[in-house]
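Each remark here refers to the structure printed beneath this line.
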Amino acid sequence: MESPPTAVGRTANIAVIAGDGIGREVTAEALNVLRAIEQRFGLSLHLEPLPWSADYYLQTGVTLPPDGFNLLRQFDAVLIGALGDPRVPDNRHARDILLGTRFELDLYVNYRPIRLLDERLCPLKGRTPDDVRFTVFRENTEGLYVSIGGRFKAGTEDEVAIQEEINTWKGVHRIIRHAFEFAKARGLSRVCMADKSNAMTAGHALWQRVFHEMAPAYPGIAATHYYIDALAMYMVLDPGQFEVIVTNNLFGDIVTDLGAALQGGLGMAASGNLHPGRTSMFEPVHGSAPTFAGKNVANPIGAIASAALMLETLGMTAEAAAIDGAVLAAVRENQVTQDIGGTLGTREAGDAIVRGITHA
Ligand code: NAD
Ligand code: IPM
Ligand code: MN
């Protein structure tokens, strides 16, 4: 990796934004797991709840305080549940808090590992955990997410809506470099870049150029390319060919929901939003699933596995492995929620993982 993770030894200060809907329920389980880890490994984790959410916005009129991002920078890491609420139809608070954190903290690496934990969770016929084990690196600070554009004559039949895509050499270079460095550090031999350079002949030509200029610096790694539409097809037909995928912001968003489906659904998928060496943010891939909220049905594994990614990034690798081990055991024993074939509620599924940590 380009620089060491924020090494904090046996302590860490973590900001927790549980957010909205099922975000609150799954985050509560992730915090229980972190407290169990703290006990078992003798760590000292300071978990500081921040109230930023749709409720907070509707009550105060502000999405986050003016010094909010400076506050986040004082923590070693940030853990988020999910943001999104039908009472805020323009999604303003989610944009400010979630996308704001990615942009303001310059978290340019969206790290989304795709791991099938048990064959029975995969919707594809005959696929095993060996076939679904790869990592997507999604560019996280530019692309179509930069909110440059606008609407002219909005609401009329003459409306013109412009939403610009930004690709910079610096932005493309640093995410592709991260993907190659990750592959090298883990002894992997394949990096696949996906773009749409056959249609987006300006912006994605830059991805082509950077990828092909960088690949020779990694002679042990096969650098391959698919157009994003073909990538989506191969993720379904032959996911076993992938080790590392690198792509832009929007394409990465889309294919990581597809990746989540290969793992057993959105409830299983974890992510990190990283700027190596700086305060990073961790969150499940799923959203606030408003229709599931408050029903004790959401799968907490995506949030719990995100907490494990956080500990791994903070250098607490044995602790992260203990969480992953307890999650795997709970899945194998079917001590899980209904979305992946169990009978438990969110809290009970979280408790099963906590027991796996405490009684290991
Ligand atoms: P969603 O991920 O919230 O839910 C889509 C579907 O996935 C659900 O109906 C459910 O079937 C399944 N699902 C998701 N999480 C699950 C879990 N933990 N356990 C079991 N099943 C689960 O996506 P959506 O419905 O498109 O969006 C709802 C809201 O969340 C929107 O406001 C959206 O903008 C927001 N959102 C936020 C984030 C985030 O905070 N990172 C991510 C995605 C969507
Ligand atoms: C994700 C989400 C967000 C994104 C939304 C909520 C803006 O879908 O983290 O995958 O598109 O990045
Ligand atoms: Mn998404």
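No hydrogens, no waters, no symmetry mates; every other heavy atom, side chains included, goes into these values. The structure presented is a predicted model; accordingly, all values stated were derived computationally and were not measured. Along the sequence shown, residues are numbered consecutively beginning with 1. Counting starts at 1 for both ligands and their atoms, following the listed order.
- Across the listed options Ile22, Asp20, Val26, Val285, Ile22 owns the non-hydrogen atom lying nearest to atom 16 (C) of ligand 1.
- Ordered by chain and number, Asp253 OD1 make up the set of protein N, O or S atoms under 2.8 Å of the Mn ion (ligand 3).
- Residue-ligand proximity, Pro290 to ligand 1, at heavy-atom distances under 4.0 Å covers atoms 28 (C).
- Using a 4.0 Å cut-off between charged side-chain N and carboxylate O, Glu333 and Arg355 make no salt bridge.
- With a 4.0 Å heavy-atom cut-off, ligand 1 is reached by the side chain of Asn91 but not by its N, CA, C or O.
- Linking Ile, Leu, Val, Met, Phe, Trp and Tyr whenever their side-chain heavy atoms come within less than 4.5 Å puts Phe182 and Ile176 in one cluster.
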Show the short N or O contacts, below 3.5 Å, that ligand 2 makes with protein N or O atoms; if there are none, say 'none'.
residue  : atom   : partner : partner atom : Å
ligand 2 : 8 (O)  : Asp253  : OD1          : 3.2
ligand 2 : 9 (O)  : Arg102  : NH2          : 2.7
ligand 2 : 9 (O)  : Arg112  : NH2          : 2.9
ligand 2 : 10 (O) : Arg112  : NH1          : 3.2
ligand 2 : 10 (O) : Arg112  : NH2          : 3.1
ligand 2 : 10 (O) : Asp253  : OD1          : 2.9
ligand 2 : 11 (O) : Tyr145  : OH           : 2.6
ligand 2 : 12 (O) : Arg102  : NH1          : 2.7
ligand 2 : 12 (O) : Arg138  : NH1          : 3.2
ligand 2 : 12 (O) : Arg138  : NH2          : 2.8

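- In this structure, Arg102 contributes its side chain and Asn140 its backbone to no donor-acceptor pair below 3.5 Å.
- In this structure Phe134 satisfies the ring pair (Phe, Tyr, Trp, His ring centres under 6.0 Å) test together with Phe242, sequence neighbours excluded.
- The single protein non-hydrogen atom nearest to atom 33 (C) of ligand 1 is Leu83 O, 4.5 Å, given as residue, atom name and distance.
- Of all the listed residues (Leu266, Asn299, Ile340), Leu266 holds the heavy atom that lies closest to atom 13 (N) of ligand 1.
- With hydrogens and angles ignored, the 3.5 Å screen pairs no side-chain donor or acceptor of Thr247 with any backbone N or O of Gly252.
- Remark: atom 30 (O) of ligand 1 lies closer than 4.0 Å to at least one protein heavy atom.
- Close approach of ligand 1 to Gly287 (heavy-atom distance below 4.0 Å) involves ligand atoms 1 (P), 2 (O), 3 (O), 30 (O), 36 (N), 37 (C), 38 (C), 42 (C), 43 (C), 44 (C).
- Under a 4.0 Å heavy-atom criterion, Ser288 is in contact with ligand 1.
- Heavy atoms only, all atoms of each residue included: Glu119 and Arg127 are closest at CG-O, 3.1 Å.
- Closest heavy-atom approach to atom 32 (O) of ligand 1 within the set Ser271, Gly84, Ala82, Gly81: this belongs to Gly84.
- Contact atoms of ligand 1 toward Phe292: 9 (O), 10 (C), 11 (O), 21 (N) (distance under 4.0 Å to a heavy atom of the residue).
- The closest protein non-hydrogen atom to atom 3 (O) of ligand 1 is Ala289 N, 2.7 Å.
- Each of Asp85, Thr63, Asp20 was compared with His93 under the side chain to side chain donor-acceptor pair (under 3.5 Å) criterion, and only Asp20 meets it.
- In terms of hydrophobic clustering, with Ile, Leu, Val, Met, Phe, Trp and Tyr side chains grouped at heavy-atom distances under 4.5 Å, Leu314 and Leu43 are assigned to a common cluster.
- Without hydrogens or angle criteria, Ser197 side chain to His204 main chain gives no donor-acceptor distance under 3.5 Å.
- Against a heavy-atom cut-off of under 4.0 Å, Leu98 is close to the following atoms of ligand 1: 39 (C), 40 (O), 41 (N).
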With a cut-off of 3.5 Å and sequence neighbours excluded, list every side-chain donor-acceptor pair involving residues 229-239.
residue : atom : partner : partner atom : Å
Asp229  : OD2  : Lys196  : NZ           : 3.1
Asp238  : OD2  : Gln241  : NE2          : 3.1

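- No donor-acceptor pair closer than 3.5 Å links the side chain of Arg92 to the backbone N or O of Tyr57.
- Contact annotation for atom 1 (P) of ligand 1: protein present (non-hydrogen atoms, distance under 4.0 Å).
- Within the 4.0 Å cut-off (strictly below), no protein heavy atom is located near atom 24 (P) of ligand 1.
- Shown in contact with Ala298 at under 4.0 Å from a heavy atom are these atoms of ligand 1, numbered in order with element: 18 (N), 19 (N).
- Panel note: side chain Asn296, backbone Arg347; a donor-acceptor pair is recorded below 3.5 Å.
- Seen from the ring of Phe137, Arg174 does not count as a face-on cation partner, given the 6.0 Å and 45° thresholds.
- Without hydrogens or angle criteria, Glu159 side chain to Phe152 main chain gives no donor-acceptor distance under 3.5 Å.
- No donor-acceptor pair closer than 3.5 Å links the side chain of Thr60 to the backbone N or O of Leu58.
- No hydrogens or angles considered: nothing links the side chains of Glu29 and Thr346 as a donor-acceptor pair under 3.5 Å.
- Here's the thing with Glu283: one of its N/O atoms is less than 3.5 angstrom from an N/O atom of ligand 1.
- The shortest N or O to N or O distance between Gly267 and ligand 1 is not under 3.5 Å.
- Separating the CD atom in Glu165 from the OH atom in Tyr145 is a distance of 11.5 Å, to the nearest 0.5 Å.
- The backbone N or O of Pro51 sits less than 3.5 Å from a side-chain atom of Ser53, completing a donor-acceptor pair.
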